[in-house]
Amino acid sequence: MVVPGSQHAEDKMYHPPEGLQKDAHVPDFNCYLELYKKSIEEPDVFWKEVASDFYWKKPPTGHVLQYNFDVTKGNIYVKCMEGAKTNMCYNVLDRNVKDKNLGERVAFYWEGNSPDHHVAITYSQLLGQVCRCANVLKQMGVRKGDRVAIYLPMIPELVYTMLACARIGAVHSIVFAGFSSESLCERILDSQCSILVTADGVYRGEKWINLKQIADEALEKCKEKASATVKRCLVVKHHALRIKSGDVSNEPQTPWDAACDVCWEEVMGQVSEQCEPEWLDAEDPLFILYTSGSTGKPKGVLHTVAGYLLYTSLTFKYVFDHQPDDVYWCTADIGWITGHSYITYGPLANGATSVLFEGIPVHPHVGRFWEVIEKYRVTKFYTAPTAIRLLMKYGKEPLQKYDLSSLRILGTVGEPINPEAWHWYYEVVGQKRCPVVDTFWQTETGGHVLTPLPAATPLKPGSATFPFFGVDPTILNEHGEELEGEAEGYLVFRRPWPGIMRTVYGNQERFENTYFKKFPGFYVTGDGCRRDKDGYYWITGRIDDMINVSGHLLSTAEVESSLTDHGAVAEAAVVSRPHAVKGECLYCFVTLKDCREFNRTLVDELKRQVREKIGPIATPDFIQNAPGLPKTRSD
Ligand code: PRX
């Protein structure tokens, strides 16, 4: 709690620079308040204005948002732009190329793992590649409504494939290319994907990861567990070759099964660059993205076409105050929601020019981020607190070698940002010229829900400040009572905004139980939150069995179950421990079966087991022998 009148560091406000306010979309706090009021009091008027920027094959009928958030009154549902027909891909590509004449504008500067590998892709080129990919998918039998699993690194083909799905009405399910074969298999089976799109592999720093082999293992596991759903595998076969300067003798071996595998490089040249978009209902599904669930099994979060389009485009425009001369860079991987909303859909819907980065922050040197900012004259930069803390460790020197004067706005996402990291970001990276937009949101929310607007909101380091337009937050106590003024409790939302998830794929009951059952009438985020005397919101962290490691949510139950799968382990309990770079890390207690010995070898085996079952992000930092674990009574 804030003690009224105390001189907390958090009370210090950082005001937007005047230079930024001049041409900003939302130039001051009063303007934010007026627009916010309109979005809450007249949502139809507000969202119809936003929608008028886009192409609708058929305009909507009725209210923009229809919903039920109260489980006691029936099924939970949200509908946006009911009756309308549109296409996401048309709106983010054709509309820019044909209606706005932006065909020659660069959509992406792709920057590879090594600084020698880069390519610029214009909006016209992007449209052509997306149409080709859409035709390839159609040839492979993909139809409207089919699910397509995508297991690709950060290469342009990832964007081509997701937009190709959006064009033909297929539902993409992107699996982060750092996940294990087991995790990929689980996701493929849950959403019954008919096609898998992958690549030969990827370099992470110096290390070659053979993605095709992992993908093959996943498909084998799918066959063992169920009648396999995936019939064909589209493979970007020569990514390694492309970045190895054409030296075939050096190309890593890619396992190949001619009966199932289709070579991307071969088929893309054989199809047309034209493909009519499929006109979809506003509420048709756009994609599924899995996020950790507290029971251990990941949840397939489902987003739909029209609402997600409106919400990601508007949040991108306002939160990064998008201007036509911007070069924007979000360092996330498209395998996470941040990449879906703020590398692909939001920026493209605004005709933005972005950097698409395959690499990691410390390869080939620790100044890599700063080098990329200088190279492309990046104006808006969006990253995670964990990356900031990692780079802080190397001090100011690596930054001082580069010209960062192009930067105008800095963003952060994924976890609470500690004051030390905030100040370093603001003072050292942004040289006190650039507001830091601390954006709070979730896979489920589709886009930012609590966030400053850079030219309008006075900042307090560590606070995600105020709700975005259309978002109606409140704080509840354990009994579900709304708390006014300064308060701390459960962060919930009273009503939907266009970008909120629609269901858990194939499991409406889980959707209602997870997000709506505890407090009928509200969407429950699972986060704790405090409101200070000035009305600022401060996220205090998860209040369920989820641990946020480097900005990635992990379920303690999922890690516990991969530990107990080991023959030596009788029971396991996983808790969070603070970590200087990752924010939180996994501390695991294991109770061994009789006559098993706890030693270094076993610890290494257990760590490897979790890596293999879930993926490297879930590797435990600590494993401790616990001859007995405390139990809660469950009677
Ligand atoms: O706990 C919150 C934290 O990340 C969770 C959502 O994780 P995920 O669905 O993987 O999406 C991450 C990227 C949007 C939230 O429930 N979180 C996210 N952003 C912030 C945050 N915690 C504090 N401050 C943030 N800005």
Side-chain angles (χ1 to χ4, degrees), residues 88-89 92 108 110 129-130 133-134 137 142 146-199 201-202 209 211-212 214-215 218-219 222 229-230 233-236 239 264 285-292 298-305 308 312 330-348 354 356-358 414 442-444 446-447 499 501 504-505 551-553 614-615 617:
M88 173 61 104
C89 182
V92 303
F108 289 110
W110 178 74
Q129 294 299 316
V130 168
C133 181
L137 292 177
V142 180
D146 289 351
R147 274 80 54 215
V148 173
I150 305 178
Y151 187 66
L152 282 172
M154 285 287 285
I155 54 177
E157 287 82 351
L158 172 51
V159 179
Y160 303 157
T161 312
M162 68 198 292
L163 292 176
C165 289
R167 192 166 192 88
I168 63 175
V171 182
H172 59 74
S173 170
I174 301 181
V175 180
F176 170 57
F179 272 122
S180 64
S181 58
E182 181 112 3
S183 298
L184 175 58
C185 159
E186 188 176 20
R187 286 158 175 75
I188 289 174
L189 289 180
D190 188 76
S191 48
Q192 299 149 299
C193 296
S194 58
I195 297 277
L196 171 64
V197 185
T198 189
V202 61
I209 319 255
L211 288 181
K212 176 62 166 54
I214 303 173
L219 296 186
C222 288
T229 55
V230 167
C233 192
L234 177 61
V235 189
V236 180
H239 178 48
W264 176 289
L286 176 67
F287 68 84
I288 300 165
L289 182 59
Y290 286 85
T291 184
S292 300
K299 305 181 288 263
V301 170
L302 184 89
H303 284 285
T304 52
V305 176
Y308 185 80
T312 52
C330 167
T331 67
D333 191 292
I334 292 179
W336 308 107
I337 191 69
T338 305
H340 281 60
S341 301
Y342 298 114
I343 295 179
T344 304
Y345 291 112
L348 293 178
S354 305
L356 180 66
F357 182 58
E358 185 194 31
Q442 309 176 299
T443 307
E444 294 86 339
M501 71 184 288
V504 170
Y505 184 78
H552 305 308
L553 284 189
I614 306 176
I617 49 166

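Everything numeric in this text was worked out from a predicted model, so none of it was measured.
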Subject >> Exam field: side chain R167 to backbone L163, donor-acceptor pair closer than 3.5 Å >> reply: no
**OP:** Apply the test side-chain contact (heavy atoms from CB on, under 4.5 Å) to residues F176 and L289: give CA-CA distance (whole Å), side-chain angles for both, the deciding distance (0.1 Å), then the verdict.
**Re:** CA-CA 10 Å; F176 170 57; L289 182 59; over 6 Å; no
**OP:** Apply side-chain contact (heavy atoms from CB on, under 4.5 Å) to the pair I188 and V175, showing each step before the final yes or no.
**Re:** CA-CA 9 Å; I188 289 174; V175 180; 5.8 Å; no
**OP:** Anything under 30° is parallel, anything over 60° is perpendicular, the rest tilted; go ahead and classify Y345 against F287.
**Re:** parallel
Original post:
Which distance, rounded to the nearest 0.5 Å, do you find between the CD1 of I168 and the CG of D146?
Top reply: 8.0 Å
Subject >> Heavy-atom pair of closest approach, residues P347 and S354 >> reply: CB-OG, 3.7 Å
Subject >> Pairing residues for Q129 by the side chain to side chain contact (heavy atoms under 4.5 Å, CB included) criterion, not counting sequence neighbours >> reply: R132, Y160, M268
Original post:
Of all heavy-atom pairs between K299 and E444, which one has the smallest distance, and what is that distance?
Top reply: CE-OE2, 4.2 Å
**OP:** Could you tell me the separation between the OG atom of S173 and the CE atom of M162, rounded to the nearest 0.5 Å?
**Re:** 11.0 Å
Original post:
Which atom pair, heavy atoms only, marks the closest approach of R147 to S191?
Top reply: NE-O, 2.8 Å
**OP:** Using the side-chain contact (heavy atoms from CB on, under 4.5 Å) rule, take L137 and C165 through it: C-alpha gap first, then chi angles, then the decisive distance, then the call.
**Re:** CA-CA 8 Å; L137 292 177; C165 289; 4.0 Å; yes
**OP:** Would you check if the side chain of W110 reaches a backbone N or O of M154 as a donor-acceptor pair within less than 3.5 Å?
**Re:** yes
Original post:
Under the side chain to side chain donor-acceptor pair (under 3.5 Å) test, which residues partner S194, sequence neighbours left out?
Top reply: none
**OP:** Give me the ring orientation class for H340 and H172: parallel if the planes are under 30° apart, tilted from 30 to 60°, perpendicular past 60°.
**Re:** tilted
Original post:
Hey, what do you get for CD (E358) to CG (D333), rounding to the nearest 0.5 Å?
Top reply: 10.0 Å
Original post:
Distance from Q442 atom CD to I337 atom CD1, nearest 0.5 Å?
Top reply: 10.5 Å
**OP:** For S341 and T312, indicate whether the former's side chain and the latter's backbone hold a donor-acceptor pair under 3.5 Å.
**Re:** no
**OP:** Not counting sequence neighbours, which residues clear side chain to side chain donor-acceptor pair (under 3.5 Å) with T304? List them please.
**Re:** E283, R502
**OP:** Give, for atom SG of C330 and atom OH of Y342, the distance between the pair rounded to the nearest 0.5 Å.
**Re:** 10.0 Å
Subject >> Separation between OG1 of T198 and CG of L211, rounded to the nearest 0.5 Å >> reply: 5.0 Å
Subject >> Side-chain donor/acceptor of S183 to backbone N/O of I614, under 3.5 Å >> reply: yes
Original post:
Aromatic rings H552 and W336: how do their planes relate, parallel, tilted or perpendicular, breaks at 30° and 60°?
Top reply: parallel
**OP:** Ignoring hydrogens and angles, tell me if any N or O in the side chain of S292 forms a donor-acceptor pair with the backbone of L553 under 3.5 Å.
**Re:** yes
**OP:** Measure from the side-chain N and O atoms of T229 to the backbone N and O of C193, and report whether any donor-acceptor pair falls under 3.5 Å.
**Re:** yes
**OP:** Would you check, one step at a time, whether the test side-chain contact (heavy atoms from CB on, under 4.5 Å) holds for F179 with R187?
**Re:** CA-CA 10 Å; F179 272 122; R187 286 158 175 75; 3.7 Å; yes
